[in-house]
Amino acid sequence: MDELLNTAPCGFFSFTDDGALVAANDTLAGMLGYASGELVGSRVESLLTLASRMFYQTHLFPLIRMHGKAEEIFLSLRSRNGESIPVLLNAVRKEREGAAVNQCALIPVRNRGKYEDELLAAKRVAEEALRSNEELIRARQELELHARELDRKLLRLEQKNQELTRLSTILAHDLREPIRKLSMFSSLFTQQDREGLSVTGQRSLDRIKVQSARMEQLVLALQEFVSLDETHEPLEEVDLSDVMGNARQLVAERTGMGFELHSGPLPVLQGRRRQLMMLFFQLIDNAVKFRRPEELPRIDIESYLIQHNSYRANTGKYHYTDFARIVFADNGKGFDNRYSDYVFEALRKLDPDSPGQGIGLAIGRKVVENHNGSISVESEPGRGTRFTLLLPLRQ
């Protein structure tokens, strides 16, 4: 370590991602009551008080990894004799020889507590004054305005839900009825009737039958997609291993095709069973549908429990909770990875002549989003496809 850094008027240390200290200057060692070089090789948690260890694990280290730095972080060090030393810490993440090293500089702020008490006392005085002045009245008026705006948005959301319900009814009855009649009347043509038609007429009749069947399948798929917005299905404890087994059997029955499926243990999570069944069915069916002709379809499913930030829209907010990370990998045709977002859009197909209605993965994404999770895909032509799901264990 450089001599200037070693004796700088601030503490300095660096550590690897597994928490091992790889450097610590003499200033830090003296501050904590250790000899020069004695801290190297110990754990970074050994420098911290119990509360600061928890803060380091849940906030500080994830912040450094995610953003590459942390600024003006307040925490407490624990000296050799057990004394708590409050410090302000800045950190930066660097790459050295192919590995990440986290470098931290800190200064003691022993008077911070006294200043904070004075600030809190001043804040209490200001708050008492605020209750009796015009600022409080204006704040209440603004709150009322926000409440009315929220009420209007909730009303609009309820209207949207009613529109979706009406659309679902239309898909279930009004659209399917003429399609059924079209299919029925075209099927009434006898062989003798067909022989009375020209070759062009016979071909047109066959196309009417094919297209009416396709239209009915499309309406059914859209109805299934719209039904995912209905929240009547209750949350329950769902064993994903059971869901996967049922989805596997259903795909085999509907397709009549053989395939291999290998899965490790899957977790139990809080969710909507019917929707999760649809998710697993669509992913397994997708692998079978887009198989390579010369190879038996194979699906490998792995699952891990991880700590993941439950905030998705609020940047800078962190609340780490238990998530299941589930990976579906197949040996199918694959596709160009630049279409990794496109494939999740409803009624979008990379190949117009491929089987299906182009809505299966859109259904899968909506199910994941309904469970406050996320789904992504990686693929390569001829090398298969890999879906990664993140699903919280608790809603």
Checking [X] side chain against [Y] main chain: does a donor-acceptor pair fall under 3.5 Å?
X	Y	answer
E378	N337	no
S241	L266	yes
E38	A35	yes
H371	R272	yes

Using a strict threshold of under 4.0 Å (side-chain N to carboxylate O), is an ion pair present between [Y] and [X]?
X	Y	result
E236	R273	yes
K333	E380	no
E142	R140	no
R292	E295	yes

Test side-chain contact (heavy atoms from CB on, under 4.5 Å) applied to L283 and D285, L279, N286, the passing residue: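 That would be L279.
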Which of these, L28, D26, T27, sits in a side-chain contact (heavy atoms from CB on, under 4.5 Å) with N6?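 Checked L28, D26, T27 against N6; only one passes side-chain contact (heavy atoms from CB on, under 4.5 Å): D26.
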Under the salt bridge (Lys or Arg N to Asp or Glu O under 4.0 Å) test, residues paired with R298 that sit two or more places apart: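 Counting only residues at least two positions away or on another chain, R298 forms a salt bridge (Lys or Arg N to Asp or Glu O under 4.0 Å) with E260, D300.
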How close do [X] and [Y] get, counting heavy atoms only, and between which atoms?
X	Y	answer
L48	L75	CD2-CD1, 4.0 Å
P381	F335	CD-O, 3.4 Å
A70	L60	CB-CD1, 3.9 Å

Is atom [atom1] of [X] surrounded by more than 12 heavy atoms (other residues, nucleotides or ligands) closer than 6.0 Å?
X	atom1	value
R394	CZ	yes
R383	CZ	no
E72	CD	no
E294	CD	yes

Could you give the side-chain donor-acceptor pairs of residues 40-47 under 3.5 Å, partners two or more places apart or in another chain?
unit_1, atom_1, unit_2, atom_2, d
S42, OG, L39, O, 2.5
R43, NH1, D18, O, 2.9
R43, NH2, D18, O, 2.2
S46, OG, R43, O, 2.5

S379 and T385: side chain donor to acceptor below 3.5 Å: yes
Pair N370, Q275: side-chain N/O donor-acceptor within cut-off below 3.5 Å: yes
Who passes side-chain contact (heavy atoms from CB on, under 4.5 Å) against M257, sequence neighbours left out? T255, V288, R291
side-chain contact (heavy atoms from CB on, under 4.5 Å) filter on N102, not counting sequence neighbours, yields F15, D17, F61, I64, R93
If hydrophobic residues (ILVMFWY) are linked whenever their side-chain heavy atoms come closer than 4.5 Å, directly or via other members, who joins V22 in its cluster? V101
Applying ring pair (Phe, Tyr, Trp, His ring centres under 6.0 Å) as the test, list every pair that has at least one member in residues 263-286; sequence neighbours left out.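 Output for this query lists F280-F328.
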